[in-house]
Every structure is written in C-alpha cells, then in structure tokens.
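Every chain is numbered from 1 and lettered A, B, ... according to where its sequence line falls, protein lines coming before strand lines.
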Amino acid sequence: MSAPQNITLIVDGEENQVTEGTTGADLYGTRREVVVVRVDGELKDLDQPIPAGAKVEAVTIDSADGLNVLRHSTAHVMAQAVQQLRKDSKLGIGPYITDGFYFDFDVDEPFTPEDLKQLEKMMLKIVNSNQRFVRRAVSETEALAEMAGEPYKEELIGLKGHSDEAGEGANIEVGAGELTIYDNVDAKSGEVVWKDLCRGPHLPNTKLISNAYALTRSAAAYWRGNEKNKQLQRIYGTAWPTKDDLKAYQERLAEAERRDHRRLGAELDLFSFPDELGSGLPVFHPKGGTVRKAMEDYSRQRHTEAGYEFVYTPHITKSNLYEVSGHLDWYRDGMFPPMHVDETRDPETGEVVKPGQDYYLKPMNCPMHNLIFRSRGRSYRELPLRLFEFGSVYRYEKSGVVHGLTRVRGMTQDDAHIYCTREQMKDELTTTLNFVLDLLKDYGLDDFFLELSTKDPEKSVGSDEVWDEATRTLAEVAEASGLELVPDPGGAAFYGPKISVQARDAIGRTWQMSTIQLDFNLPERFELEYQAADGSRQRPVMIHRALFGSVERFMGLLIEHYAGAFPAWLAPVQVVGIPVAETFNDYMLEIVAKLRAQGIRAEADLGSDRFPKKIRTASKDKVPFVLIAGGEDAEAGAVSFRFRDGSQDNGIPVDEAVSRIVQAVARRGN
RNA sequence: GCCUCCUUAGCUCAGUCGGUAGAGCGUUUCACUCGUAAUGAAAAGGUCGCCAGUUCGAUUCUGGCAGGGGGCUCCA
C-alpha cells in the first residue's frame, strides 16, 4: 500500500490541500454545530471520505438542511424507542417534514398519550447514551437478509429504482442509488443496538439531539399513502437545535390555537354549527352576520365597478342539468344524493304510473349561469358578459374532512362566470387576475403567490389542443403578474386548467384563495353561442372565477389573520361608548346616535358593571374604538378614545371624534 | 370513508372505584359605582349527546348512532 496522496478540495469556497480519505469530521471537527457536509451539492455524513476536487460546505444544525437531518435522526431514535416498548412493532417509513418528523409503525395496539410520554423518556436515554450513526452500503440480497422480519422495509427494497411509485416520504428510506443501512452504535460498548434501512444522511451521534424534541401526536396513516393499503400507526414529533427553539415553536403553535377561527367564532359570538342541522352546516349569529355582510357589500360594490352583473339561481335542480354539464359523471360522490319526487303509483297495484324525477342540491353554479347566457340570442357586442352571484352550493364532503368554516357542506361562493371571445380571453384573464389581487389586498392580505394547475390525464374532457391553448394563456397571464408561480401538475378540474392565488396570513400560513379557471368545454356541452360581427355563430370561452372561494372559508381566514381583531370596516361592533358613571349615560347616547346617523355600528354600554369592567368587556370583544365620556369630556363637549392597543386620545371634540371614526371606516385601514 | 380520542350548566372544565352532580366565567335580581382589563351579595340554570343492553339501580360498564378534535385519503 502506498502512502496516502494529497488531494485538493474546495472547502467553503477556498482551495485546500488535504490527505486522501479526509472526511467532513476532519475538516469541521472543532465545530459541533456542523452536522453534515454538502459535497458537490449533495448532503453527506461527516464520517464519509470526500472525493478529490469536490466542493465542500459545512451544513450547520440550525440551517434548513441541518434541521431536516436533525429531525430525521430524531425519528430514528424514536423508532428505536418504539421497538423497545413494543416488541411486535414493524417499521414503516420515518421522514422529516416541516418543523418535525413522523414515523409509521405496524403495531397490534394503537399508541396512547401515555405511550408517547414514556417514549419521550426512553428517547432521552438513547440520546444520552451517545450512539453513533454509522452508514453501511449493502447489496439488495444483504439488505433483504438484514431486514427479514420487517415486511415494509422488504417491500421498499423491492421497489428500489421505482421510488417515485413508492409513495409519500419513501425515497428518504431507499433513495435512488445504492442501498444503505444505518447502524446505531453504542458509544461505550461499540455494539450495534439498532439499525434501519435508510439513505441518510444522519447526525454523527445522538447527543446532538439534546432534549429539544417532543412527540406531538399519534394518528393512523395508510401505508404508502394509499387508501387501499393497511393503516399504520403514525407518531408525529418535532425537534430543534435548542430547548429555546423548541419553546418558540410551541409558542407559535399556541398562537395559532389562540387564533383558531372555531374558537374565536364561539368567543366572539360570530357563528355556530348546531348539531340539529348536521355536520358542516354553519349558522351566522348577528355579529358574524354583520362581518359577513360587510365583506359581501364591499365585494358587490367592487364587482359593480368592474362591470359585473348580478344574477340569482336556485339551490336545487333536476338531474338533467348536471348530466349535461358532466358533474354527475365526475363528481357524483361529492354531491348529496338526489331527492326523488313527483312519482305516482297506482294505489292498488303499487305500480309506477308516472315516473318521478331526481332533483339534486347544486354543487356548482356554472351550469345555471350557462342557462342564463343561453336564455336568448347573444351578440358579440355583449361580450365579455360577466355574471356574478353569491351562490350557495352544497357538497357531500366526506365526514372526516369537514372542518370549521374552512371545509363545510353548505357554502356560498362569490362566483362569477365570464363569457368572452377567444380574442378577448387573454386581456380578460389579465384584468381578472389584477382585480382579484387588488380586492384581496383591500381585505388586508398582501403576500401572494400563484399556482398553475394543469390537466390530469385521468380526469379531463376535451381535446389536447384546447387544453394546450388554455394552459399556455393562463401561464402567460400568470407570468406577466410578476408573482411567484408554482406548478401543480394534474391539479386541474375536469373542464379546464386554473390559476389559484395563494395568500400568506399574518403568521405565515398559506391559504388557497381565489381560483381563475379557463373552460372551453362547458360552452361546448351547453352549446353556447353568440353572433359575431360577420354574422357567423361563434362559441364563447368561459372563465370561472371565485375570489373568496367561499364566503365562509374566507371569513375563517380573516378571523385567523386578524386574530379576531377585525379592522374597523369589518368589525361587528365598531364603537362602544362607555360613560364613566351613570350621570353621563345620556351624553354618551347622544354621541352614539351621531355615529349611527353616519352609518357607524356603535353601541353604548349602559349596564350596571363598573367602569373598569366595561373597559375589560369591550377589550375582550376586540372593539376597534372605545369612546369614554366623563365630567371633563362633557364640560368640554368632547369624548376620549381608547384603542385596542390600550393607547388613548383624550378630550377630542365630539364632531371631530365622529369624523375620525367615519374616515377610519371609509379608509378600510387595518 | 378509514384510524384514534372526546362529548357533564350558555362557555371552560372538576367529579361520581355503579346509588341521578360541582366550580369559575356568563345570565338575572338587589345594592354599590366619576376615569382606562374583573365591586359585592343572592338567584336561576343539567333526563351528565341520543338509543339500546347488563344491573335491584347506569351520567359512570358494554354496544350502536350522532356531533366534535387530531391524522390518513379526498377537496370540482
């Protein structure tokens, strides 16, 4: 054997001469926060030799990649603990996810919350025993031999090379290249205490996990994400570089919980879901109704200004309409079952003498709008024809997916269908996208990106040429907006591609908002026509668009975005007047009357509570303006403001106070 | 739809190892109350989600159904 050669590496941008066989650990051994290295763009374990000429960069535990490695390694530690606790458990997959990780297990009995607590303790033991993660390449035969008794791992080995078919997270286990097994080696004894088929990379040792992890919940999940497969038990967890990071994360979750629209909806008396009505069917209380009305009124105003016309259509229809539209073919399962009516039977024989009809609750408004278009001959001069409706639709959502206001069975779409010529299509789409973004901004959202959903070959109608043209047009319009554009292959509805606008809320979560869909197919199915300038009959193009998506869902989003503290123009109660003592009740009522005369939603709190209690009540109700009047104010013909942040503005002349409030509402500021 | 957990006063939750229940907030009443997040007292309010079964007796145990939470799958 010859002596090791010197090789050149580019370490963090600088050329370095090192001995052959140098590892990441050799380069960064003194920096504990370096957990893996990036070698020519790929993440590698610290103990792997680095090939000559490679570009090497340190990956620290608090970087995005470093966190993923930390979480993946924590998942392994958890799996090791699970196999100690449940000897019968078989390993599924265990990838990192946003903010954490999960691992799936086939176990005889589901995990209990007590199990999770015990597992956390067992994990700490493993972490403290400072096991090393050691990578080992194996052949397929070896892998199968070592994973005997782990049926799911064996299945994954068999799938290697087709990892895109293997299902969610599976490529983290087997990857694309060689098969590898990671041994967990006890620091003292050198014994292999646990192993798993995994492509890595991993932390050098378990000590780096420290105590900044938590197991958060357990739930069932289908093996390889397929409903037809067996359900495994999944445990979710989270892991962070330090305990403080973990606490900050838990605080973020707590903040999201405080903002939960279902909780705030009850606290602020906005809406409820009476059991008597059934799952996913909300009722809006007066305060929620006020918010909703403010949302809708402003939307109507803007639609009028943008050249939309208003239509109204019924909630149920005979089945034929949805046969023509194709909905019964594609979405029957998502529709409420039909009502069979008007059937007549012979009273004696019981035989049907007149067949009945099936009526369906409407799941979408578009077919009805098409009938309005078709109700008389149309001229090119009428186009673009923009039909708008707050249309209530009913969808038979599966029982497990109904969720607060965001996923309901009865909802109202701010739905419009635009009929235009092919030549107008692109301009109309551009105008529509700008209109959508502009309007969303007025409701306080300003951080957007776009998603372009393209054809699902399994679920579509119409020719390829038509789809291509529609998709190209949408892509051009989306790109012209300058917003980030994310592809969503196969995400389109059966009748055409769509752009959806995604918005980030005040705490950084993304919500799918508006959709703009291009449709050449329904005009075909409904044989829609207009007469062109040359006298010929032409088929219009149809654009489906909804801004809020559903009014209910949008309200849920706004509640969470504002944490229940609506901007003044949306707030159910905009002003509460609190007299300092009973003597000033009449003075306060006069001020409130002046505000009401200006269309402000103002109330006076004349109850028997003492003054500070009334302040507290208004505060808890998140009222934007609290007006206070006592002796000093009354003598000066003035009133004092108390704002939601606790700040004050005292002794404002009444007329000025009124106009301040009126202006703040008109400005739609937040 | 599947897995799992849950359902006690309007709300948030105690409690009964099987003998029909309690707190805080809220509500009502009375008294008090002149300056920025809780004045005091009293009262009302529950077939312990619904339906069966076991039992002398079920809010408590068992089963079914409904509603809800967390996931999975789905989301025109």
For atom C1', what is the distance between B:G24 and B:A38, given to the nearest Å? 12 Å
Looking at A:Asn226 and A:Lys228, would you say the former's side chain and the latter's main chain have a donor-acceptor pair under 3.5 Å? yes
Is A:His403 close enough to B:G68 that one of its side-chain N or O atoms is under 4.0 Å from OP1 or OP2 there? no
SB check A:Glu255 A:Arg252 (cutoff 4.0 Å): no
Cation over ring face, A:Arg409 and A:Tyr394, 6.0 Å, 45°: no
Ion pair check, A:Arg86 and A:Asp115, cut-off under 4.0 Å: yes
Name the orientation class of the two ring planes belonging to A:Tyr331 and A:His327 (parallel below 30°, tilted from 30 to 60°, perpendicular beyond 60°). tilted
Between A:Phe643 and A:Phe641, is the gap from one ring center to the other below 6.0 Å? yes
No-H, no-angle donor-acceptor pair, A:Tyr222 side chain to B:G1 base, under 3.5 Å: yes
With a 4.0 Å cut-off on heavy atoms, is A:Gln233 in touch with a base, just the backbone sugar-phosphate, or nothing at all? sugar-phosphate
Proximity to the side chain of A:Tyr331 - top-ranked nucleotide from B:C34, B:A76, B:C72: B:A76
Within the structure shown, what part of the strands sits under 4.0 Å from A:Ser619 by heavy-atom distance: base, sugar-phosphate, or nothing? base
Touch class at under 4.0 angstrom, heavy-atom based, for A:His544 against every strand present: nothing
By nearest atom, which of the nucleotides B:G1, B:A76, B:C72 is closest to the A:Ala221 side chain? B:C72
Looking at A:Lys613, does any N or O in its side chain come under 4.0 Å of the phosphate oxygens OP1/OP2 on B:G26? yes
C1' spacing across the pair B:C50 / B:C6, given as an integer number of angstrom: 16 Å
Calculate the interatomic distance between A:Arg262 atom CZ and B:G69 atom C1'; express it in whole Å. 7 Å
Taken to the nearest whole Å, CZ/A:Arg217 to P/B:U4 is 17 Å
If the C1' atom of B:U12 is compared with that of B:G26, how far apart are they to the nearest Å? 11 Å
Rounded distance in Å - CZ (A:Arg263) to P (B:G70): 13 Å
Should B:C2 form a Watson-Crick or G-U wobble pair with both distances under 3.5 Å, which nucleotide is its partner? B:G71
Tell which nucleotide pairs with B:G10, taking only Watson-Crick or G-U wobble pairs whose two distances are both under 3.5 angstrom. B:C25
Heavy atoms only, 4.0 Å cut-off, all strands: where does A:Ser640 land among base, sugar-phosphate and nothing? base
Counting side-chain heavy atoms from C-beta on, which of B:A76, B:A38, B:G70 comes nearest to A:Lys498? B:A76
A:Arg259 side-chain N/O to A:His561 backbone N/O, donor-acceptor pair under 3.5 Å: yes
Give me the distance, rounded to whole Å, that separates B:G46 from B:G10 when you measure between the P atoms they each carry. 7 Å
Distance-only, no hydrogens or angles: does the A:Asp414 side chain make a donor-acceptor pair with backbone N or O of A:Leu547 under 3.5 Å? yes
Remember a base hit wins even if backbone is also touched, and classify A:Pro363 as base, sugar-phosphate or nothing at under 4.0 Å, heavy atoms. base
If you check the A:Arg395 side chain, which of B:A76, B:C34, B:G70 turns out closest? B:A76
Between atom CD1 in A:Ile628 and atom P in B:U33, what is the gap in whole Å? 20 Å
Applying a 4.0 Å non-hydrogen cut-off, can you work out what A:Tyr495 is touching in the nucleic acid: base, sugar-phosphate, or nothing? sugar-phosphate
Using OP1 and OP2 only, check whether a side-chain N or O of A:Ser279 sits under 4.0 Å from B:G68. yes
When rounded to whole Å, the CD to C1' distance for the pair A:Glu582 and B:U39 reads 15 Å
Contact class for A:Asn650 vs. all strands (heavy atom < 4.0 Å): base, sugar-phosphate, or nothing? base
Once you apply a heavy-atom cut-off of 4.0 Å, does A:Arg407 come out as touching a base, just sugar-phosphate, or nothing? base
Does A:Ser399 or A:Ala629 map to a spot on RNA chain B nearer the 5' end, using the closest nucleotide for each? A:Ser399
Which whole-number value in Å describes the distance from A:Asp609 CG to B:A31 P? 16 Å
Using whole Å, what does the distance between atom P of nucleotide B:C3 and atom CH2 of A:Trp223 come to? 20 Å
Contact class for A:Phe494 vs. all strands (heavy atom < 4.0 Å): base, sugar-phosphate, or nothing? nothing
Measure from the side chain of A:Met335, starting at C-beta and using heavy atoms only, and say which of B:G68, B:A76, B:A38 lies closest. B:A76
Closest to the A:Val401 side chain, choosing from B:A76, B:U73, B:G70: B:U73
Using a cut-off of 4.0 Å on non-hydrogen atoms, how would the nucleic acid contact of A:Ala220 be classed: base, sugar-phosphate, or nothing? base
Would you indicate what A:Tyr236 reaches in the nucleic acid, counting non-hydrogen atoms under 4.0 angstrom: base, sugar-phosphate, or nothing? sugar-phosphate
Is the cationic atom of A:Arg374 (NZ for Lys, CZ for Arg) positioned less than 6.0 Å from the six-membered ring centroid of A:Phe526 and within 45 degrees of its normal? no
Could you check whether A:Asn226 gets within reach of a base, just the sugar-phosphate, or nothing at all, counting any heavy atom under 4.0 Å? nothing
Mark yes or no for a side-chain to base donor-acceptor pair under 3.5 Å between A:Arg610 and B:C32, with no hydrogen or angle criteria applied. yes
May I ask you to decide whether A:Glu155 forms a salt bridge with A:Lys230, counting only side-chain N to carboxylate O separations under 4.0 Å? no
Using only heavy-atom distances, decide whether a donor-acceptor pair under 3.5 angstrom links the side-chain of A:Lys398 to the base of B:U73. yes
Just to be sure I understand the rule, does A:Gln512 reach a base, reach only the sugar-phosphate, or reach nothing, if contact means heavy atoms closer than 4.0 Å? nothing
With a 3.5 Å limit on both atom pairs, tell me what B:C17 is paired to, counting Watson-Crick and G-U wobble, or say none. none
Counting only distance, no hydrogens or angles, is the base of B:C2 paired donor-acceptor with the side chain of A:Gln231 under 3.5 Å? yes
Spacing of the P atoms in B:U27 and B:G67 (rounded, Å): 32 Å
So which nucleotide from B:A76, B:A37, B:U36 ends up closest to the side chain of A:Lys620? B:A37
Can you tell me the base-pairing partner of B:U59? Count Watson-Crick or G-U wobble geometry only, both distances below 3.5 Å, and say none if there is no partner. none
Closest nucleotide of RNA chain B for A:Gly278 versus for A:Ala266: which of these residues is on the 5' side? A:Ala266
Interatomic distance where CZ belongs to A:Phe336 and C1' belongs to B:A76 [whole Å]: 15 Å
Using the C1' atoms only, state how far B:U62 lies from B:C72, rounded to an integer number of Å. 29 Å
Euclidean distance for C1', B:U33 against B:U39 (whole angstrom): 8 Å
Identify the nucleotide, in any strand shown, that forms a Watson-Crick or G-U wobble pair with B:A37, with both distances under 3.5 Å; if there is none, say none. none
Gap in Å between the two C1' atoms, one belonging to B:G19 and one to B:C48, rounded: 15 Å
Does any nucleotide pair with B:C50 by Watson-Crick or G-U wobble geometry, both distances under 3.5 Å, and what is it? B:G64
